[in-house]
Amino acid sequence: MNINLEEKFAEQYDKKAHAIYFTPGRVNLIGEHIDYNGGLVMPCAITLGTWLAIAPNQDHKFRFKSLNFENESIVESNVLNEKDGNHWANYPVGVINEMIKDGKEITGLDFLFYGNIPIGSGLSSSASIEIATAYALNTHFNLGYDKLELVKIAKRVENDFIGLNSGIMDQFAVAFGEKNKAIVLDCETLKYKMVDVELGKYVLAIINTNKPRELADSKYNERVAECQTALKQLNEEITLHYLCELNAEKFALHSHVITDEVILNRATHVVKENDRVHLAAKALNGGNLEEFGRLMYASHESLRNLYEVSGKELDAVVDFCKDYEHVIGARMTGAGFGGCAIALLEKGFEEDFAKHLTDYYVAKIGYPAAIYISEIGGGPTSL
């Protein structure tokens with residue numbers, strides 16, 4: 001962090017911060033658009049994230065300020081159940097509201113947030129804010145929640161208070177992230193295992209296409225419906241609850257019942273992407289980064305051609321990476337139609353990569369992408 005948050009807090013509130021916390025953002029390394037089909041995802045925490053400074057006050061109010069947004073918010077303790085339009089402070093307000101509904105006693109606090117996660121890029125800035133708030137409150141008031149309970153509180157905020165019908169992966173990855181490890185997570189059962197990710201001479205490059213993800217929600221719902229159609233047709237011959245109960249070999253035995261080419265493409269992506277998560281975990285456990293990189297490229301091609309959730313911006317980034325000799329794997333990450341791609345980039349070539357990718361991307365798209373370099377980081381912490 002290149003900002004002295006303690007100093008900024010004193011400037012904003014004319015008193016010292018009581019404590020400072022950090023919570024990461026996340027990327028999904030592989031396993032895209034299969035969580036709602038009973039598949040596995042492989043997210044990891046990143047070293048971009050949210051810093052939060054807090055201090056108690058005596059007037060039973062909650063004050064929310066951010067170095068990223070001009071508009072601040074002051075909320076009386078008796079109106080925490082009210083959402084304030086699209087104000088960014090709805091995320092921490094929602095967390096406090098959930099904890100008070102849970103019978104916890106939370107008194108007045110002053111908050112100052114700072115984040116270096118690009119907003120709206122698919123790196124989970126909202127989940128990072130939610131977990132930062134939940135972790136800080138849990139620590140400051142000694143509320144006794146475990147990590148999974150904090151994750152579930154944050155998901156309720158997203159679903160019930162904010163009103164977004166999102167899954168649990170973002171909050172889970174942010175809270176459970178460990179340095180140099182990825183999480184292989186079943187979003188349905190919440191069973192998970194940690195996988196070592198020793199990047200060695202590589203770093204994680206995160207490339208924000210700077211294209212708003214405007215189609216993501218409508219196309220997401222469309223893909224869910226298409227997968228349900230595939231499942232229904234397969235159930236004419238076998239009994240399945242989810243598409244990901246099949247591996248590619250078993251799917252090939254029964255895929256003839258899916259007569260529509262588009263529906264078949266969607267189901268093929270789902271089944272093979274889930275297989276790729278298993279293969280990726282095996283590659284990482286064996287320290288085979290080259291194989292993991294190959295699986296990243298295969299994942300992107302499937303998302304591009306079979307699932308059709310990429311776009312010219314994401315494709316431009318991945319196409320450049322394929323021809324750049326110091327990258328061994330790249331793919332879109334997140335819902336698609338904009339947002340971010342990730343790449344495994346050899347250390348020492350960060351500036352060269354950024355320059356040449358920028359030139360290529362501007363020539364293809366007309367405006368620059370934003371490039372961030374990250375390692376695989378840990379979960380929430382007190383600083």
Side-chain angles (χ1 to χ4, degrees), residues 28-44 167 169 182-197 219-220 222-310 315 318 322 328-336 342 344:
N28 193 27
L29 292 174
I30 200 163
E32 218 65 75
H33 280 280
I34 55 173
D35 54 333
Y36 49 86
N37 290 296
L40 301 173
V41 293
M42 191 190 279
C44 67
M169 177 181 74
I183 308 167
V184 178
L185 171 66
D186 183 324
C187 295
E188 191 73 23
T189 64
L190 299 188
K191 289 181 180 175
Y192 72 99
K193 62 180 180 180
M194 307 303 292
V195 177
D196 289 330
V197 187
K219 292 295 183 184
Y220 180 93
E222 191 179 286
R223 295 298 177 273
V224 171
E226 288 165 340
C227 290
Q228 288 169 345
T229 299
L231 184 65
K232 186 178 177 183
Q233 291 178 355
L234 285 163
N235 270 307
E236 292 170 10
E237 191 167 283
I238 50 174
T239 302
L240 297 169
H241 294 101
Y242 294 106
L243 289 178
C244 288
E245 290 170 35
L246 297 173
N247 60 23
E249 190 179 349
K250 287 180 183 172
F251 178 67
L253 296 174
H254 302 285
S255 59
H256 61 269
V257 301
I258 303 174
T259 53
D260 182 284
E261 186 183 358
V262 170
I263 301 297
L264 179 61
N265 283 345
R266 306 300 190 242
T268 302
H269 163 74
V270 166
V271 171
K272 290 189 174 181
E273 182 78 352
N274 197 50
D275 284 356
R276 277 188 285 270
V277 176
H278 291 284
L279 292 169
K282 187 177 177 183
L284 290 171
N285 278 326
N288 190 344
L289 279 181
E290 286 74 17
E291 171 63 7
F292 182 72
R294 188 193 68 76
L295 291 164
M296 290 174 73
Y297 281 132
S299 171
H300 186 82
E301 284 307 301
S302 183
L303 289 158
R304 178 182 194 164
N305 298 320
L306 298 178
Y307 220 64
E308 297 182 272
V309 290
S310 184
D315 292 341
V318 175
K322 280 182 182 171
I328 58 168
R331 64 183 289 273
M332 60 160 270
T333 185
I342 54 173
L344 293 180

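Side-chain atoms are counted along with the backbone in the values below, which use heavy atoms only and exclude waters and symmetry mates.
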Mind checking whether K272 and L306 have side chains closer than 4.5 Å, heavy atoms only?
no
Would you indicate whether the side-chain heavy atoms of V41 and C187 approach each other to under 4.5 Å?
yes
Rounded to the nearest 0.5 Å, what separates atom CZ in R266 from atom CG in L243?
13.0 Å
Before you tell me yes or no, could you show the steps for S255 and T268 under side-chain contact (heavy atoms from CB on, under 4.5 Å), namely the whole-Å CA-CA distance, both residues' side-chain angles and the distance that decides it to 0.1 Å?
CA-CA 9 Å; S255 59; T268 302; over 6 Å; no
On a heavy-atom basis, the closest approach of L295 and L279 is CD1-C, 3.7 Å
Counting distance only, does the side-chain N/O of N285 pair as donor-acceptor with the main-chain N or O of A281 below 3.5 Å?
yes
Could you report the tightest heavy-atom contact between A230 and A267, atom names first, then the distance?
CB-CB, 3.8 Å
Please report the closest heavy-atom contact between V309 and A335, naming both atoms and the distance.
CB-O, 3.8 Å
Over 12 foreign heavy atoms within 6.0 Å of CD, E308
yes
How long is the gap from CE on M169 to CE on M42, to the nearest 0.5 Å?
12.5 Å
Any chance you could measure D186, atom CG, to K193, atom NZ, to the nearest 0.5 Å?
11.5 Å
Any donor-acceptor N/O pair, E237 side chain to L234 backbone, under 3.5 Å:
no
With rounding to the nearest 0.5 angstrom, report the CD to CG distance, E290 to L344.
9.5 Å
If you define the side chain from C-beta out and look only at heavy atoms, does anything of L303 sit under 4.5 Å from H269?
yes
Are any non-hydrogen side-chain atoms of M296 and I342 less than 4.5 angstrom apart?
yes
When rounded to the nearest 0.5 Å, the distance separating CZ of F251 from CD1 of I238 is 9.5 Å
More than 12 heavy atoms of other groups within 6.0 Å of K232 NZ:
no
Closest contact, heavy atoms only, S310 versus H300
OG-CE1, 3.4 Å
How far apart are the closest heavy atoms of A248 and V271, and which atoms are they?
N-CG1, 3.4 Å
side-chain hydrogen bond (donor to acceptor under 3.5 Å, both in side chains) partners of residues 31-44, not counting sequence neighbours, each pair once:
N28-E32, E32-R331, H33-Y36, Y36-Y307
With sequence neighbours left out, the residues meeting salt bridge (charged side-chain N to carboxylate O under 4.0 Å, His left out) with R276 are E273
Between the main-chain N or O of N247 and the side-chain N or O of N274, is there a donor-acceptor pair closer than 3.5 Å?
no
Would you mind reporting whether I183 and M194 have side-chain heavy atoms less than 4.5 Å apart?
yes
Taking the side chain as everything from C-beta on, heavy atoms only, tell me whether F292 gets closer than 4.5 Å to V197.
no
Residue set satisfying salt bridge (charged side-chain N to carboxylate O under 4.0 Å, His left out) with D315, at least two apart, ordered chain then number -> R304
Which atom names give the shortest non-hydrogen contact between V318 and A330, and what distance separates them?
CG1-O, 4.1 Å
Do D260 and T229 make a side-chain contact, defined as non-hydrogen atoms from C-beta onward lying under 4.5 Å apart?
no
d(I328 CD1, L289 CG) to nearest 0.5 Å is 5.0 Å
